[in-house]
*Asks:* 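Before I ask anything, here is the structure I am working with.
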Number of protein chains: 2
Amino acid sequence: MPLRMTNQREIVLRELQKSKKHLTADELYVIVKKVMPRISLATVYRNLEILSETGLIGKLEISGRQKRFDYDPGEHDHIYCVICHRVDNLDIAHEDWTPEQLRNVAGYSITGYRLEILGICPDCQKKQKKKEKI
Amino acid sequence: MPLRMTNQREIVLRELQKSKKHLTADELYVIVKKVMPRISLATVYRNLEILSETGLIGKLEISGRQKRFDYDPGEHDHIYCVICHRVDNLDIAHEDWTPEQLRNVAGYSITGYRLEILGICPDCQKKQKKKEKI
DNA sequence: TTACATTTAGGATTAATTATCAAAAAGGTT
DNA sequence: AACCTTTTTGATAATTAATCCTAAATGTAA
C-alpha cells in the first residue's frame, strides 16, 4: 500500500514547502484554498497527518497550542515566541548550546525552556508483553 | 487584592495535593464532587488556572494533550508515557542525566524527548519597546 | 478501461476549554 | 452585626481544534 499522491495531497505538500513556515492546518487551509477552492479543511488535516507520518514533513506539537507542521522534516529543534506563538528553526548543534549562542539565534530573547522525556511506563510495558504472548 | 481563599478553591487545592498525581481538570472534578457535590466543572477549571498562576500548583501543558495540574509546584522535569499518557515526576538533577539513569527512573523505557526553547521573537520585542515609550 | 481500494467534500460531531452573567459569598468597615 | 464593594460561583452557551461520517469521486495496477 504505497502513498497515493492525489491532487489535494500534492498541493498541501507543495504549499507548505513554498511557505517555508511552521503553519497550522487552518493557516495552510486558507493558502491552499486559493489554488484549489473546493478543498475541505478535513482534507488538509488528514493529509498533513499522513505526510508527517510518511516523513515528508514534520509535525510540531507545542505545549498547550495548536499543532503546526514543518516544511523541513529533518532533525532539528525549535524556538518559539511566548507572545505571538510563532515558531522558528534552531539550526545549532546541541554541543554549541550556550545562553549567548541561543540568544543570538534568530534574534530571540530567551525566557526559558521546556523538556519532556518520553517513554513507556511500567504498566504499559507489562501490557505489551502480555500481547506478545498471545 | 490578595487571593481570596474560598471553600471551593481550598477543596480543589487540597484534593489535588492529596492525590499526589498529575490530574486533568475533569479527573479532579470527579474527585472534588464527592466532597462538594454541587461544584461546577467551570469552577474547577477556573481555580486550577488561578492556583497555578499563584504558584501553589504546577501546570503541565503537554504537547497535543489535555492540560494536567501538578500537586508539586517546585522546579522539576517530567516523564510521560506515550501510550497511556500518564505523567510522573523526574526527580533527578540535569547533571546526572544519562540514558541509563533515566531508564531506571520510575521504570520507564525511554523512547525520546522533546525540547522547546522559549523566548520573545524580534517582532514582539519591538512591540514591547514601543509600549514602554508611551 | 475496468475493477476496486483509497480518498474526497462537506457537514456533523466530539472534546476540551473559556466566556457570560445573575446570584451568592467574602472580607473589610463601620 | 449591618452594610457595601469586590470577587467568585454555578449553569450553560460559545468557542476552538480536530476528527468522524457517508456518498461520490479518483488513483493505481492489471
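Just so it is clear: chains get the letters A, B, ... in the order the sequence lines come, proteins before strands, and each one is counted from 1.
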*Asks:* Send over the distance from B/Leu28 CG to C/dT17 C1', rounded to a whole Å.
*Replies:* 15 Å
*Asks:* Nearest heavy atom decides the nucleotide; on that basis, is B/Arg65 or A/Ser40 closer to the 5' end of DNA chain C?
*Replies:*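 Between the two, 5'-proximity favours A/Ser40.
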*Asks:* Counting heavy atoms from C-beta on, name the nucleotide in C/dA16, D/dT9, D/dA11 closest to the side chain of B/Thr43.
*Replies:* D/dT9
*Asks:* Could you state the CD-C1' distance from A/Glu27 to D/dA18, rounded to the nearest angstrom?
*Replies:* 15 Å
*Asks:* Ignoring hydrogens and angles, does a donor from either the side chain of A/Arg4 or the base of C/dT7 sit under 3.5 Å from an acceptor on the other?
*Replies:* no
*Asks:* Please determine whether a side-chain nitrogen or oxygen atom of A/Thr6 lies at a distance below 4.0 Å from atom OP1 or OP2 of C/dT8.
*Replies:* yes
*Asks:* To the nearest Å, how far apart are B/Asn7 CG and D/dT8 C1'?
*Replies:*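 Distance, rounded to whole Å: 12 Å.
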*Asks:* Looking at D/dT16, I'd like to know if its phosphate oxygens (OP1 or OP2) sit under 4.0 Å from a side-chain N or O belonging to A/Gln66.
*Replies:*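 No.
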*Asks:* Taking for each residue the nucleotide of DNA chain D with the nearest heavy atom, is it B/Ile50 or A/Ala25 whose nucleotide lies nearer the 5' end?
*Replies:*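 That would be B/Ile50.
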*Asks:* In whole angstroms, how far is the P atom of D/dT7 from the CD atom of B/Glu53?
*Replies:*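 B/Glu53 atom CD is separated from D/dT7 atom P by 14 Å.
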*Asks:* Would you tell me if any nitrogen or oxygen in the side chain of A/Tyr45 comes within less than 4.0 Å of OP1 or OP2 on D/dA18?
*Replies:*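 Yes.
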*Asks:* Checking the side chain of A/Arg68 only, and the main-chain atoms of A/His22 only, is there a donor and an acceptor separated by less than 3.5 Å?
*Replies:* yes
*Asks:* D/dA25, OP1 or OP2 - any side-chain N/O from A/Gln8 closer than 4.0 Å?
*Replies:* no
*Asks:* Does a donor on one side chain and an acceptor on the other come within less than 3.5 Å for B/His78 and B/Asp88?
*Replies:*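 Note: B/His78 and B/Asp88 side chains miss the donor-acceptor criterion.
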*Asks:* Please compare B/Asp26 and A/Pro37 by the position of their nearest nucleotide in DNA chain C and report the one closer to 5'.
*Replies:*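 Nearest nucleotide further toward 5': that of A/Pro37.
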*Asks:* Which nucleotide sits closest to the side chain of A/Arg46: C/dT8, C/dA16, D/dG27?
*Replies:*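 Closest nucleotide among those given: C/dT8.
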*Asks:* Under 4.0 Å between a side-chain nitrogen and a carboxylate oxygen: does that hold for A/Arg46 and A/Glu49?
*Replies:*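 Salt bridge between A/Arg46 and A/Glu49, a charged N being under 4.0 Å from a carboxylate O: no.
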*Asks:* Side-chain N or O of A/Arg9 less than 4.0 angstrom from OP1 or OP2 on C/dT8?
*Replies:* yes
*Asks:* Tell me whether the OP1 or OP2 atom of C/dT8 has a side-chain N or O from A/Asn47 closer than 4.0 Å.
*Replies:* yes
*Asks:* Please determine if a side-chain N or O atom of B/Arg38 lies less than 4.0 Å away from the OP1 or OP2 oxygen of D/dG10.
*Replies:* no
*Asks:* Is a donor on one side and an acceptor on the other found under 3.5 Å between the side chain of A/Ser40 and the backbone of A/Ala42?
*Replies:*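 Between the backbone of A/Ala42 and the side chain of A/Ser40 there is a qualifying donor-acceptor contact (under 3.5 Å).
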*Asks:* Below the 4.0 Å mark, does C/dT18 have OP1 or OP2 next to a side-chain nitrogen or oxygen of B/Lys67?
*Replies:* yes
*Asks:* With a non-hydrogen cut-off below 4.0 angstrom, is B/Ile39 in contact with a base, only sugar-phosphate, or nothing?
*Replies:* sugar-phosphate
*Asks:* Measure from the side chain of A/Met5, starting at C-beta and using heavy atoms only, and say which of C/dT17, D/dT19, D/dT28 lies closest.
*Replies:* D/dT28
*Asks:* Closer than 3.5 angstrom, by distance alone: can the side chain of B/Gln125 be matched with the main-chain N or O of B/Ile120 as a donor-acceptor pair?
*Replies:*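 At least one qualifying donor-acceptor pair exists.
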